[in-house]
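In what follows, residues are counted from 1 in the order of the sequence shown. Since the model is a prediction, treat every value here as computed from it, not as a measurement.
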Amino acid sequence: MSLLHDPAHVEPLSALSRFRADLHTCLPRRADTLFELCDAILCADGPVTSPAELTLTPEHRRGHGAMYDALTHGRIHTDRLRRTLASLPLPRAADGRIVLAVDVSPWLRPDAPTSPDRLFCHLHGRARNTHRLIPGWPYSVVAALESGRTSWTVVLDAIRLGPADDAIAVTAAQLREVVDRLIAAGHHRPGDPDIWIVADSGYDVCRLAFVLADLPVQVIGRLRSDRVLARPAPPYRPGPCAGRPRRHGNPFTLADPATWGAPDRATRTDTARYGTAEAMAWERLHPRLAHRGPWLDHDGELPIVEGTLVRLVVERLPGDAAPKPVWLWSSATGIDAEEVDLIWRAFLRRFDLEHTFRLFKQTLGWTAPRVRSPEAADRWTWLVIAAHAQLRLARPVAEDLRRPWERAARPGRLSPARVRRGFRHLRPRVTCPAGAPKPSRPGPGRPPGMKNHGPAPRHEVGKTVKRAATLAEHKNQTG
């Protein structure tokens, strides 16, 4: 029985066809070329190494000149595409809630002095396992996570961070828009569990929790082991020498066990991958904020953002016999032991987004093009995201075209790269709205013997807006 006549495959193929039709409507300019370029990403033999090579695939019926013209002068209606992605089915955690992960992945462009809006991207693991700063375009990506061990995620949004952007402010606005779109799509209704937002140690989770406090979300992030938090302030006792009420209690130093005290919750779980996992939780801990950094322009008294601190210790890690403890902070308070386990499990699922970044770069060729303008990079990024969304929709009906030396995958456990191998066989069974190319002649180009008198300008790398370090500097800048 073919896929076309199998009743179990009718609905997945219909959903894939609907998404492809919606994707074509999100391309108001150079639509057919961009759509076929996305199909070429999905149907190419092996990893994508160059956009020009994609024009040689049968799915791309136009030349390389049309492809470069589409990337340079085409247009993608990103707001409509974001709403289309938000309307797709989303995975849920074990308790039925939505878990979102946010992270930044760079598109490195160290040898592109004519490309504007480049920033210094922090990398680890290159050049003998050292930290380096390499020019590139950083992208903030938000994706929905599944509950079990998998390399699948649902990428919902991607924003390129510019030289004048505040990363925390841009991320907070991005997360707010993603949550609003999920609510508008009906994925979250009143009474449902809060949406969890999981971030790594590079984010100010306290700031995100404060900015997103009006949304049904809970922010979970990792803290550095040298942080110092504060306990709730003791009750105020009025008297002639009492002074003003205290805003902070005794310090909680993550590196000093003498300041911890007894935990409010403690769990012990046996896992197959990490051995025994022990978690201890302390409630109502908050950082002591100051009028600097992102809180420099805060009006009035600084808030107290309380949350739950979780210390996770596992018996082993793959390749590491003595793993270090992990400190997590959640914006929720009054949680039970079961939710403590769900918090650290959701944080471990955050690393599934790293598999998506690896797929984007090594298989789908996200960072392969050497485009000059950041706008062209944004268009190529959204084509890669649209291709990844089609792989997920094709996941239930894809065949396991494994290599002779590969193991057979269990039903429903194909990786994105193995689903991509069979997409060329699925493409004739779904909607292909791109029209046939029309015959044309190449442009005249520059006349022979005439030199280029307009060389491309050079651009500096780094931030163009410097944040004030003190409150006095901020007042001088603003007024």
- Is a donor on one side and an acceptor on the other found under 3.5 Å between the side chain of Ser115 and the backbone of Ser373? no

- Are the side chains of Leu54 and His60 in touch, meaning some heavy atoms are under 4.5 Å apart? no

- Taking the side chain as C-beta and beyond, is there a heavy-atom pair between Thr269 and Arg345 under 4.5 Å? yes

- Query: Within a strict 4.5 Å, meaning less than it, do heavy atoms of the Val310 and Trp329 side chains meet?
  - Reply: no

- Query: What about Trp366 and Trp137, are their ring centers closer than 6.0 Å?
  - Reply: no

- Item | Backbone N/O of His425 and side chain of Arg429: donor-acceptor pair under 3.5 Å | yes

- Let me see the working for Val99 and Arg349 under side chain to side chain contact (heavy atoms under 4.5 Å, CB included), right down to the final yes or no. CA-CA 9 Å; Val99 180; Arg349 294 273 63 81; 6.0 Å; no

- Message: For Ala94, is there any backbone N or O sitting under 3.5 Å from a side-chain donor or acceptor partner on Ser147?
- Response: no

- Can you check side chain to side chain contact (heavy atoms under 4.5 Å, CB included) on Leu81 and Leu23, steps first, answer last? CA-CA 7 Å; Leu81 184 54; Leu23 174 61; 4.0 Å; yes

- Item | SB check Arg18 Glu11 (cutoff 4.0 Å) | yes

- Task: Mark yes or no for whether Trp380, through its side chain, and Gly365, through its backbone, hold a donor-acceptor pair below 3.5 Å.
- Result: yes

- Task: Kindly say whether Gly202 contributes a backbone atom to a donor-acceptor pair with the side chain of Asp200 at under 3.5 angstrom?
- Result: no

- Task: Only one of Phe19, Phe360, Phe357, Phe423 passes ring pair (Phe, Tyr, Trp, His ring centres under 6.0 Å) with His388; say which it is.
- Result: Phe360

- Please name the pair of heavy atoms, one in Ser140 and one in Tyr203, separated by the smallest distance, quoted to 0.1 Å. OG-OH, 4.5 Å

- Query: With a 4.0 Å cut-off, would you call Arg424 and Glu59 a salt bridge?
  - Reply: yes

- Thr253 side chain to Asp256 main-chain N or O, any donor-acceptor pair under 3.5 Å? no

- Message: Quick check: closest heavy atoms across Ala262 and Trp282, and the distance to 0.1 Å?
- Response: O-NE1, 3.4 Å

- Query: Tell me, do Val154 and Leu88 make a side-chain contact under 4.5 Å, heavy atoms counted?
  - Reply: no

- Between Lys463 (side chain) and Asp166 (backbone), is there a donor-acceptor pair under 3.5 Å? no

- Here the gap from Leu426 atom CG to Leu393 atom CG, rounded to the nearest 0.5 Å, amounts to 11.5 Å

- Query: Do Glu283 and Arg265 come within less than 4.5 Å of each other through their side chains, counting heavy atoms only?
  - Reply: yes

- Message: If you count heavy atoms of other groups shown closer than 6.0 angstrom to CD of Glu460, is the number above 12?
- Response: no

- Message: Check this for me: does any side-chain nitrogen of one of Glu301 and Arg247 sit under 4.0 Å from a carboxylate oxygen of the other?
- Response: yes

- Item | Heavy-atom side-chain contact between Val178 and Val102 under 4.5 Å | no

- Task: Flag yes if more than 12 heavy atoms outside Arg370 fall under 6.0 Å of its CZ atom; otherwise flag no.
- Result: yes

- Query: Would you find more than 12 non-hydrogen atoms of other residues, nucleotides or ligands less than 6.0 Å from Glu354 atom CD?
  - Reply: yes

- Ring geometry between His291 and His298 (parallel below 30°, tilted from 30 to 60°, perpendicular above 60°): tilted

- Are Asp352 and Thr356 side-chain neighbours, meaning at least one heavy-atom pair lies under 4.5 Å? no

- Is it true that Asp39 and Arg20 make a salt bridge, defined as a side-chain N closer than 4.0 Å to a carboxylate O? yes

- Task: Test Arg418 against Leu401 for side chain to side chain contact (heavy atoms under 4.5 Å, CB included), laying out the working first.
- Result: CA-CA 7 Å; Arg418 292 174 73 163; Leu401 303 179; over 6 Å; no

- Is the backbone of Val228 close enough, under 3.5 Å, to the side chain of Arg288 for a donor and an acceptor to pair up by distance? no

- Message: I'd like to know if Arg284 and Asp264 make a salt bridge, using a cut-off of under 4.0 Å between side-chain N and carboxylate O.
- Response: no

- Message: As an exercise, state the distance from CG of Leu364 to CG of Leu391, rounded to the nearest 0.5 Å.
- Response: 6.5 Å

- To the nearest 0.5 Å, how far apart are CH2 in Trp327 and CG in Leu254? 4.5 Å

- Taking atom CZ of Arg118 and atom CZ of Arg109, what is their separation to the nearest 0.5 Å? 8.0 Å

- Query: Within a radius of less than 6.0 Å around CZ of Arg402, do more than 12 heavy atoms belonging to other residues, nucleotides or ligands occur?
  - Reply: yes

- Message: Quick check on the 6.0 Å ring-centre criterion: do Phe210 and Trp295 meet it?
- Response: yes

- Query: If you measure from the Lys or Arg side-chain nitrogens to the Asp or Glu carboxylate oxygens, is any gap between Arg189 and Asp192 under 4.0 Å?
  - Reply: no

- N-O pairing of Arg83 and Asp22 below 4.0 Å: no

- Message: Minimum heavy-atom separation for Trp152 and Leu414, please, with both atom names.
- Response: NE1-O, 2.8 Å

- Task: Please test Asp157 against Arg181 for side chain to side chain contact (heavy atoms under 4.5 Å, CB included), starting from the C-alpha separation and ending with a verdict.
- Result: CA-CA 11 Å; Asp157 194 16; Arg181 286 193 293 268; 3.7 Å; yes

- Message: Less than 4.5 Å apart, side chain to side chain, heavy atoms only: is that true for His188 and Arg97?
- Response: no

- Task: Heavy atoms only: give me the nearest Cys43-Arg427 pair and the separation to one decimal.
- Result: SG-CD, 3.9 Å

- Item | Closest heavy-atom pair and its distance - Cys26, Thr84 | SG-OG1, 4.3 Å

- Please assess Arg350 against Asp103 for the test salt bridge (Lys or Arg N to Asp or Glu O under 4.0 Å), listing each intermediate value before the final yes or no. CA-CA 9 Å; Arg350 188 205 71 83; Asp103 202 356; 3.1 Å; yes

- Quick one: pull up SG in Cys38 and CD in Gln390 and give me the separation to the nearest 0.5 Å. 4.5 Å

- Hey, what do you get for CG (Leu312) to CD (Glu278), rounding to the nearest 0.5 Å? 9.5 Å

- Task: Taking all non-hydrogen atoms of both residues into account, name the closest pair between Asp400 and Ala409 and its distance.
- Result: OD2-N, 3.2 Å

